[in-house]
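To keep things clear, I will list the structure first and then write my remarks on it.
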Amino acid sequence: MHEFFRPVIHNALCSAGITTDKPINIEQPADKKFGDFSTNIALLAAKECRRNPRELAQTVIPHLIFPPDTIARIEVAGAGFINFYLAPLFIMQSVEKVLIDKDEYGKGNIGQGKTAIVEYVSANPTGPLTIGRGRGGVLGDCIANLFETQGYEVTREYYFNDAGRQMQILGESVQLRYLERCGKAIEFPSTHYQGGYIGEIAENIYSKQGSSLSEYSDDVQFFKKEAEEIIFASIRKTLERLSIRHDSFFNEHTLYTPDETSITANQRVIDELRKKGFITEYDGATWFQTTMLGQEKDKVLIKSSGEPSYRLPDIAYHITKFERGFDMIVNVFGADHIDEYPDVLEALNILGYDTQRIKVAINQFVTTTVDGQTLKMSTRKGNADLLDDLIDDVGADATRLFFIMRSKDSHLNFDVELAKKQSKDNPVFYLQYAHARICSLLRMAQQEIGFDPASSSDHHLLQQLSSPTELQLGFALLDYPDMIKTSLRLLEPQKMVEYLHSLAELFHRFYQECPILKAEPDIARARLFLSLATRQVLRNGFRILGVSAPESM
RNA sequence: GUGCCCGUAGCUCAAUGGAUAGAGCAUCAGCCUUCUAAGCUGAGGGUUACUGGUUCGAGUCCAGUCGGGCGCACCA
């Protein structure tokens, strides 16, 4: 709707002889009595025009030329806001658009012909997925969905490393548990992986190999490989349970592999940064001179052991995203990686890449509450924070929705009891119930009055509807495409949850206040169209969030 | 010490720099012989942690203070 208002206001300013470089903001007043939309342009422009904002607004109004039957009323209010009231007819005609566009309703084309890469999860295969990773996974998946609604061709990527030090420790951990299983006395270092799954992997190896590997060896390759396969399979299975998928798995190791000019991607980064004068060597290591950029310390790129630190392949990895030609590059990760990306961005800037294309979505941590008790997350202790356990407990829909129903910048308090509740306290049920209720209503409509709005094209009947409740519901449906755009711009699926919750609420009120099947025939049909349109928007929204839309409950 | 996030109703959380700061839960009071009551309506509940600043206007932006979280490795 912003694009509906903006040109009209722009033209009005011109023809009223008002010149301003202030942006034309279109907002939705919190209180409907201030209109469906409003603009503060008169307030912003008042100073440079040296005129009173209210008087300025009055001057503009006669020049606002809208298409017929779209705007019912325009008025100046408050300090100088111009408030717009949509015509009821226009609102209901917008609802017809939902019925025509169906699954396509709400989609846009700002990403048409463009590509985006969204990277998320990216956990190394050292253990099962934790709840914290789950939040990032769902967030990333929803963000990818949001990009797709705008026409972007999206690649969902998982970046992992099966070659580093952590994987070495994993291999050693499994080997030790295996040796223990073979009856050898071992000492298990506290630096190694404590989780019970290590023992399970060792047991699995023992059942296949017996004691044939019980001679201790420095080479843990076999154990590492076994562990990696089993763990990766389990990670993918967990993600699948949440309908989180990836198109591409990028192995960090390829960045260590020489290309046709027998040089590695990592080495190229060093060479290029050195040309720009940002590489120095001391203490036997190779450093990125971030002190030249105002940071306190330089950052190690190649350790004195000769191995790259994680920063170097990270930079090289991001270069591949540019080289692969993505127009939009989105990284989703947890707050524990907060210090990681500024260095990467600095390096990319120095190397001449357009870092404006990179967007970073950082999600804060998750705590779970059981019986009102907050549990502290710890990877080392027990498995209380395993994502699989949570899904077992509350189901995939609740897991997904709870992860994104708070702003990603907020710490998430996951109330496990609430997520299992089957009442309106539980937002999952509240939303799904609205959908199921509409499905039931439509079934009843077939039976009772023999009318199926989905197979009728008498959409114009909607124009009879004019009660405040009906108009509010209609307005919410009209607002849906803007909601998606806002949600995408902020990389914040939580906005969608809020929107859908208020949509469900408006529908429940409508259902309560307006008799549908018992109304006179044309009104009944109109209300069924409105219900069908609501169901459509709920479905479309659920699809973005990855929540199922039950036909009955 | 330092970088990032947070501090809003008893609790969990909203509020593109806008108008009287909103929902849900909990509390209290109503609504089913009638399309799913897994629902709806209403009431009470606030010095937006604190102090300054920026401006027509600040929960929002800036500075500082106080509290909480996450990082701050030649680990990823």
Side-chain angles (χ1 to χ4, degrees), chain A residues 2 25-31 33-34 38 40 43-44 46-47 52-53 77-81 83 122-124 126 160-161 164-167 169 191 252 283-287 295-297 299-311 313-314 334-340 342 362-365 367 369 372 405-413 415 418 421-427 429-430 432-434 436-445 447-449 486 489-490 494-495 498 501-502 504-505 507-519 524 527-528 531 552-553:
Chain A
H2 292 207
N25 297 320
I26 310 298
E27 20 188 275
Q28 283 188 39
D31 191 329
K33 81 177 181 202
F34 297 124
S38 76
N40 62 354
L43 288 157
L44 296 179
K47 190 171 236 181
N52 173 290
F81 295 98
N83 296 339
S122 294
N124 286 342
T126 56
F160 72 102
N161 176 14
R165 179 175 157 68
Q166 293 303 319
M167 290 301 290
I169 293 177
T191 49
E252 181 185 322
D283 295 345
T286 302
W287 302 76
Q295 295 196 26
E296 273 181 35
K297 286 184 282 188
K299 302 292 167 58
V300 171
L301 292 183
I302 299 178
K303 301 184 254 180
S304 53
S305 67
E307 292 168 313
S309 80
Y310 71 91
R311 266 174 238 274
D314 230 22
D336 53 338
H337 287 241
I338 197 86
D339 278 345
E340 181 170 330
I362 295 170
N363 63 281
Q364 295 297 318
F365 278 177
T367 52
T369 306
M405 73 181 191
R406 303 300 179 215
S407 138
K408 64 182 185 299
D409 290 332
S410 290
H411 291 234
L412 174 67
N413 203 323
D415 187 332
L418 177 62
K421 249 186 176 171
Q422 309 219 340
S423 72
K424 73 170 285 196
D425 325 359
N426 182 347
F429 278 83
Y430 187 76
Q432 292 184 327
Y433 177 61
R437 201 177 208 187
I438 295 171
C439 291
S440 167
L441 174 67
L442 296 178
R443 284 191 297 268
M444 288 301 282
Q447 279 178 31
E448 302 288 320
I449 63 173
T486 302
R489 181 167 46 84
L490 303 172
Q494 180 257 342
K495 301 284 172 211
E498 287 250 325
H501 194 275
S502 74
E505 194 169 23
F507 177 77
H508 286 311
R509 189 186 304 159
F510 158 72
Y511 182 91
Q512 197 78 24
E513 286 180 12
C514 304
I516 299 169
L517 302 180
K518 291 177 176 57
R527 288 179 175 158
L528 285 166
S531 302
S552 65
M553 290 169 73

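Here is how names work: the chains are called A, B, and so on, in the same order as the sequence lines, proteins then strands, and each is numbered from 1.
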Could you list, one pair per line, each protein nitrogen or oxygen that sits under 3.5 Å from a nitrogen or oxygen of nucleotides 23-25 of chain B, together with the distance?
none

If you restrict it to nitrogen or oxygen atoms, what contacts under 3.5 Å exist between nucleotides 29-34 of chain B and the protein, and what is each distance?
| residue | atom | partner | partner atom | Å |
| --- | --- | --- | --- | --- |
| rU34(B) | O2' | K518(A) | NZ | 3.1 |

With 3.5 Å as the limit, what N/O pairs link the protein to nucleotides 43-48 of chain B?
none

Identify each atom pair where a protein N or O and an N or O of nucleotides 53-61 of chain B are less than 3.5 Å apart, giving names and distance.
| residue | atom | partner | partner atom | Å |
| --- | --- | --- | --- | --- |
| rC56(B) | OP1 | K47(A) | NZ | 2.8 |
| rC56(B) | OP2 | K47(A) | NZ | 3.1 |

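The side chain of Q166(A) lies closest to rA76(B), out of rA76(B), rA15(B), rU36(B). Checking rA38(B), rU12(B), rU36(B) against every side-chain atom of F429(A), the shortest atom distance belongs to rA38(B). When distances run from any side-chain atom of Q494(A) to the nucleotides rA14(B), rG3(B), rC5(B), the shortest one goes to rA14(B). Which of rC74(B), rG3(B), rA19(B) sits closest to the side chain of S304(A) comes down to rC74(B). Here rU12(B) is the nucleotide among rU36(B), rA76(B), rU12(B) with the atom lying nearest to any side-chain atom of N413(A). In the set rA15(B), rA14(B), rU2(B), rU2(B) carries the atom at the smallest distance from any side-chain atom of E296(A). In the set rC5(B), rG3(B), rC35(B), the nucleotide with an atom closest to the side chain of Q364(A) is rC5(B). If you check rG3(B), rA19(B), rC35(B) against the side chain of I338(A), the one that comes closest is rG3(B).
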- Note on the structure: Pairs under 3.5 Å (Watson-Crick or G-U), crossing ones as [ ], inter-strand ones as |: RNA chain B comes out as (((((((..((((....[...)))).(((((.......))))).....(((((..]....))))))))))))....
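For F34(A), the ring pair (Phe, Tyr, Trp, His ring centres under 6.0 Å) test picks out no residue, with sequence neighbours left out.
Phosphate contact (OP1/OP2 of rU36(B), side-chain N/O of S552(A), threshold under 4.0 Å): absent. A sub-4.0 Å separation between OP1 or OP2 of rA38(B) and a side-chain N or O of R437(A) is absent. Remark: S410(A) is in phosphate contact with rA14(B), judged by side-chain N or O atoms under 4.0 Å from OP1 or OP2.
Glycosidic conformation of rC70(B) is anti; the angle lies outside 90° of 0.
At whole-Å resolution of the value, CG in N426(A) and P in rU12(B) are 18 Å apart. For E27(A) and rA15(B), the CD to C1' distance is 13 Å, given to the nearest whole Å.
At a cut-off of 3.5 angstrom, counting only N and O atoms as typed in the model, there is no donor on one side facing an acceptor on the other between the side-chain of D336(A) and the base of rA76(B). A donor-acceptor contact under 3.5 Å is not formed by the side chain of Y433(A) with the base of rA38(B). S309(A) contributes no side-chain N or O that forms a donor-acceptor pair with the base of rC74(B) under 3.5 Å.
Crowding of R165(A) atom CZ: a count of heavy atoms from other residues, nucleotides or ligands under 6.0 Å not exceeding 12.
Y430(A) and E505(A) get closest at one heavy-atom pair: OH-CA, 3.1 Å.
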